[in-house]
Amino acid sequence: AAPPAGWAVDGDVLRGQRTAVFAFDRPIDVPAGARLTVRLAQGGNGPQQLIGRARVSFTDAADPKLDPLDAIPDAVRSALAVDPAARTARQAVDVAEHFRSADPGRASQWHELVAARRQAADLAAAGTPVMVMQEMAKPRDTYLLKRGQYDQPDKSQKLTPGLPAALFPPGKPQPRNRLELARWIVSPENPLTARATVNRFWQHLFGTGLVKTSEDFGLQGDPPSHPELLDWLATEFVRSGWDAKALNKLLVTSAAYRQSSRVTPALLERDPDNRLLARGPRQRLDALAVRDNALAAAGLLVPTVGGPPVKPYQPPGLWEEMAFSDKTSIDRYVQGTGDDLYRRTLYTFWKRTVPPPALAIFDAGGRETCTLRTGRTNTPLQALNLLNDVTYVESARAMAARAMREGGETAGERLAYAFRLATARMPDAAEAKMLAAALDRYLATYRADAEAAKKLVTAGESKPAADLDPAEQAAYAAVCNVILNLDEAVTKG
């Protein structure tokens with residue numbers, strides 16, 4: 001039964017909005033993460049005294065408005081009186097802004113949305129337009145060319161898209177456009193893509209692919225040294241959803257990769273190229289990793305992923321020598337500053353006619369053609385570069401400062417720390433003795449020549465260590481320069 005007294009909306013007399021404010025004796029404390037449930041029970045004697053659409057809100061205001069319209073500005077009140085379709089742009093903005101500001105949580109979400117939209121617009125504006133190929137609605141007719149001459153088509157021999165029969169299962173429709181061709185390339189029915197990709201990963205880690213001629217899987221290429229292994233890795237690669245990280249993890253945790261790279265004379269004579277995988281891989285770091293390794297040992301490497309290309313140190317005048325004109329910015333090399341000088345070598349700006357000399361010295365591909373396999377040479381010019389290029393001189397003096405601060409209190413501890421940074425092992429007794437003798441010799445030299453010491457410890461653009469003795473730091477830098485030039489420092493084994 002309905003209670004004898006209560007509050008009603010009086011809807012049978014005057015229709016419209018009604019507002020009731022109920023004040024609690026004490027505040028309701030809702031713990032974080034909890035949910036407050038409100039149950040509204042209605043009852044009454046009159047059929048027009050029930051609430052049609054109820055809305056419940058809470059406030060901590062000392063004097064809440066009885067009529068929610070009292071808190072609405074006049075401009076918004078006027079806009080609300082107009083049909084939404086007939087409102088002006090200004091009225092629509094006023095209503096939307098008032099709606100968002102009425103709820104602090106809603107306002108915060110709106111600000112986040114606006115910031116995200118602004119960021120998306122900035123990214124779109126900074127992007128580089130690229131051309132996208134699209135199939136023609138009606139493909140152009142293509143004919144066989146007589147003797148290959150573009151102006152002599154044979155109209156009796158019309159050509160259509162397709163693949164060589166040897167590459168496609170018989171009886172199945174062949175792809176007729178680029179999309180279908182792309183799908184076939186990564187189809188399980190095509191074993192070549194996975195095998196070639198797996199072989200490239202293997203080549204990167206082991207120095208030589210299971211198929212030595214990674215650029216040629218045809219009849220003129222070398223047969224795989226371990227065909228069953230190549231097949232298994234290819235099927236695992238496809239089964240994992242073409243997961244390159246999982247494949248690399250599988251390779252580097254394998255017993256073949258983790259074994260020692262030490263070689264005996266008998267084994268070297270029997271298997272000089274390690275095609276039998278009787279030892280772990282041993283090879284000089286590739287051109288990109290040589291510089292990154294030195295910067296990492298020095299603590300200078302900036303590991304940020306992505307971003308525009310950068311222009312690290314380079315001898316002056318190289319671009320101008322190969323340019324048709326020095327009046328355009330594209331023909332002048334403007335060296336980067338700050339972090340740009342220490343980004344990973346992968347992000348180095350590359351001009352094909354003038355490749356970065358520090359990379360060309362270490363056998364990087366010229367990028368004029370696609371190169372899947374590059375050789376590794378060992379030349380005196382590489383040693384000269386490691387000893388004199390500003391990148392490695394700066395890395396040596398930063399590495400010296402790091403060793404002096406982090407390596408310990410004694411010279412022996414600091415030298416061992418620097419040696420381990422570059423080679424991943426501690427020096428033996430003979431090596432430690434030679435490093436100590438070199439440090440003493442360099443220390444005497446730079447104590448007698450303060451100007452030379454100052455020049456060495458300020459090499460490069462990074463900030464020098466002002467808290468360290470210049471002569472002592474220069475002596476450690478000279479030793480670190482020698483360490484970075486060791487064969488073991490630029491060789492993975």
Side-chain angles (χ1 to χ4, degrees), residues 284-285 289-301 312-313 315 341-342 357-358 361-362 378-493:
R284 197 208 69 213
L285 299 176
V290 170
R291 175 176 173 273
D292 290 355
N293 184 58
L295 292 176
L300 295 175
L301 184 67
Y313 302 113
L341 296 174
Y342 314 107
I361 288 173
F362 288 97
N378 188 7
T379 67
L381 192 59
Q382 295 169 356
L384 288 173
N385 180 264
L386 291 175
L387 284 172
N388 298 290
D389 188 281
V390 62
T391 296
Y392 301 102
V393 175
E394 181 180 16
S395 296
R397 61 99 164 163
M399 183 175 165
R402 184 179 177 185
M404 293 174 70
R405 291 193 179 106
E406 305 171 8
E409 297 298 328
T410 67
E413 292 174 337
R414 294 173 175 178
L415 291 174
Y417 183 77
F419 190 88
R420 184 165 62 88
L421 285 175
T423 65
R425 69 173 180 87
M426 299 297 288
D428 59 29
E431 292 166 337
K433 183 178 180 180
M434 286 188 289
L435 292 175
L439 177 65
D440 292 339
R441 185 168 62 255
Y442 286 127
L443 189 57
T445 299
Y446 288 116
R447 289 210 185 279
D449 191 346
E451 189 62 31
K454 180 180 178 181
K455 185 177 180 180
L456 177 56
V457 298
T458 56
E461 298 293 331
S462 62
K463 188 176 181 180
D467 58 324
L468 300 176
D469 176 55
E472 187 177 9
Q473 185 186 357
Y476 276 101
V479 177
C480 289
N481 198 14
V482 173
I483 293 175
L484 289 176
N485 201 0
L486 292 174
D487 178 71
E488 191 172 352
V490 295
T491 301
K492 182 186 72 173

Check whether any side-chain heavy atom of P427 sits under 4.5 Å from a side-chain heavy atom of M434, and report yes or no.
no

Closest non-hydrogen atom pair between P315 and P357, with its separation:
CD-CG, 3.8 Å

Are Y476 and L439 packed together at the side-chain level, in the sense that at least one heavy-atom pair is separated by less than 4.5 angstrom?
yes

With rounding to the nearest 0.5 angstrom, report the CG to CG distance, N293 to L301.
9.5 Å

Inter-residue atom distance K433.NZ - D428.CG, 0.5 Å rounding:
12.0 Å

So, taking the atom named CZ in R284 and the one named CG in D487, what distance separates them when rounded to the nearest 0.5 Å?
10.0 Å

Do the non-hydrogen side-chain atoms of F362 and V490 ever get within less than 4.5 Å of each other?
no

Report yes if some heavy atom in the side chain of L421 is under 4.5 Å from a heavy atom in the side chain of M399; otherwise report no.
yes

So R402 and Y417, do their side chains get closer than 4.5 Å, heavy atoms only?
yes

If I compare all heavy atoms of L341 with all of Y313, which pair ends up nearest, and what's the gap?
CD1-OH, 3.6 Å

Any side-chain heavy-atom pair of P312 and T391 under 4.5 Å
no

What pair of heavy atoms forms the shortest contact from F419 to L486, and how long is it?
CE1-CD1, 3.7 Å

To the nearest 0.5 Å, atom OH of Y442 lies from atom CG of L456 at 10.0 Å

To the nearest 0.5 Å, what is the distance between CE on M426 and CD on E431?
11.0 Å

Intermediate values then yes/no, side chain to side chain contact (heavy atoms under 4.5 Å, CB included), L285 and D292:
CA-CA 10 Å; L285 299 176; D292 290 355; over 6 Å; no

How long is the straight-line distance from CZ of R420 back to CG of L415, given to the nearest 0.5 Å?
13.5 Å

Which pair of heavy atoms, one from A401 and one from A465, lies closest together, and at what distance?
CB-CB, 4.2 Å

On a heavy-atom basis, the closest approach of V290 and L386 is CG1-CD2, 4.0 Å

Which atoms form the tightest heavy-atom contact between L484 and A489, and what is the distance?
O-CB, 3.8 Å

Are D469 and M404 side-chain neighbours, meaning at least one heavy-atom pair lies under 4.5 Å?
no

Are the side chains of P464 and Q473 in touch, meaning some heavy atoms are under 4.5 Å apart?
no

When you look at N388 and V393, which way does the side chain to side chain contact (heavy atoms under 4.5 Å, CB included) test go after all the steps?
CA-CA 6 Å; N388 298 290; V393 175; 5.5 Å; no

